J.: 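Please read through the structure below; I'll follow up with questions.
Note that the structure is predicted; figures quoted are calculated from it, not measured.
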Amino acid sequence: MEKKKWIPAVLAAILTIPTAAFAADTEVKTEKPSIVTEASSLIGHAFGGHMFKHGAMDEQKWLEIVKQYTPDQVDEWQKAINERKALWKQLNTEQVKKGIKAKREKMKKEREAAFDKLIDQLVNKEITKEQFKQQLKELKTANKWLPQASMKETRELRKQLHKAIKEKDRDAIATLLPKWLKHIQAENQRLAQLIKDATQK
């Protein structure tokens, strides 16, 4: 049928599977960077594949910032950091990689079948264009593997924390660090669920 010619292009444009949160690099370069400015540069990597750029050294510097501004949350941060590292180690195993690939392929086929059905209904005038658009929107939302934090909110929080640390704004840092910790913890939960789903038979 004629519709088959443009279905792949539409699918590629509007139906994708987000599988990871992304982080923007926010480097702060100085001749002799202080712990504050180096910690600021680490914020942009907290949602990427590696929580810290240079291993244990940067991890320790970040914890020193936490200890300085929110000392009551040092243990929670350490737990979140350890959990993140363990989760990414699991994500890099062959078992999980194969599981994720299989899950994505299955979801892709299910989406394509559902989308093809919508096209048939539209072509056969069983639904209106407005209904098609609405159901397409619902299909896109329903077929996301796991919910993710709003990237806009994440970028804004990262920007605020980066600015606060750079300017050594004690009150702002003390307010924003707990919020960033919650983001890290939520992302850890998402990664853990992704691993669980990928390895279930």
J.: Taking all atoms of both residues into account, what is the closest heavy-atom pair of P178 and T175, and its distance?
T.: CD-O, 3.4 Å
J.: Looking at every non-hydrogen atom in both residues, tell me the closest pair between A198 and V96 and how far apart they are.
T.: CB-O, 4.1 Å
J.: Step by step, would you call Q134 with E130 a side chain to side chain contact (heavy atoms under 4.5 Å, CB included)?
T.: CA-CA 6 Å; Q134 180 59 36; E130 289 71 25; over 6 Å; no
J.: Return yes if some donor-acceptor pair links the side-chain N/O of D169 with the main-chain N/O of I165 below 3.5 Å, else return no.
T.: no
J.: Can you see which heavy atom on L176 is nearest to which on A164, and at what distance?
T.: CD1-CB, 4.1 Å
J.: Atom CD in Q185, atom NZ in K182: separation rounded to 0.5 Å?
T.: 8.5 Å
J.: Does this structure show an ion pair linking R190 with E187, if we count only N-O contacts that are shorter than 4.0 Å?
T.: yes
J.: As an exercise, state the distance from CD1 of I184 to NZ of K79, rounded to the nearest 0.5 Å.
T.: 15.0 Å
J.: Determine yes or no for a side-chain-to-main-chain donor-acceptor pair under 3.5 angstrom, with N82 supplying the side chain and Q78 the backbone.
T.: yes
J.: What residues form a side-chain contact (heavy atoms from CB on, under 4.5 Å) with Q90, not counting sequence neighbours?
T.: L87, I195
J.: As an exercise, state the distance from CD of E94 to NZ of K97, rounded to the nearest 0.5 Å.
T.: 5.0 Å
J.: Distance check, rounded to the nearest 0.5 Å: K168 atom NZ versus I173 atom CD1?
T.: 9.5 Å
J.: Regarding Q131 and Q121, do their side chains bring together a donor and an acceptor under 3.5 Å, going by distance alone?
T.: no
J.: Any chance you could measure L157, atom CG, to W180, atom CH2, to the nearest 0.5 Å?
T.: 5.5 Å
J.: Would you tell me whether Q189 and Q193 have side-chain atoms, one donor and one acceptor, within less than 3.5 Å of each other?
T.: no
J.: Answer whether the closest heavy-atom distance between the side chains of I127 and L118 falls below 4.5 Å.
T.: yes
J.: Is it the case that atom CG in D72 sees more than 12 heavy atoms from other parts of the structure closer than 6.0 Å?
T.: yes
J.: Below 4.0 angstrom, N of the basic side chain to O of the carboxylate: do E167 and K163 qualify?
T.: yes
J.: Roughly how far apart are Q68 CD and L177 CG, rounded to 0.5 Å?
T.: 10.0 Å
J.: Taking all non-hydrogen atoms of both residues, which atom of L63 and which atom of I81 are closest, and how far apart?
T.: CD2-CD1, 3.7 Å
J.: Tell me, with the steps shown, if Q160 and K179 meet side chain to side chain contact (heavy atoms under 4.5 Å, CB included).
T.: CA-CA 11 Å; Q160 291 175 3; K179 294 181 180 180; 5.8 Å; no
J.: Is any side-chain heavy atom of I65 closer than 4.5 Å to a side-chain heavy atom of T70?
T.: no
J.: For the pair K152 and R155, evaluate side chain to side chain contact (heavy atoms under 4.5 Å, CB included) and give the outcome as yes or no after the intermediate values.
T.: CA-CA 5 Å; K152 181 178 180 181; R155 284 194 296 269; 4.2 Å; yes
J.: Do you know which two heavy atoms are closest between E76 and L181, and how far apart they sit?
T.: CB-CD2, 3.8 Å
J.: Indicate the ring-plane relationship of F115 and F132, choosing parallel, tilted or perpendicular according to the 30° and 60° boundaries.
T.: tilted
J.: Can you give me the closest heavy-atom contact between L139 and R111, atom names plus distance?
T.: CD2-O, 4.3 Å
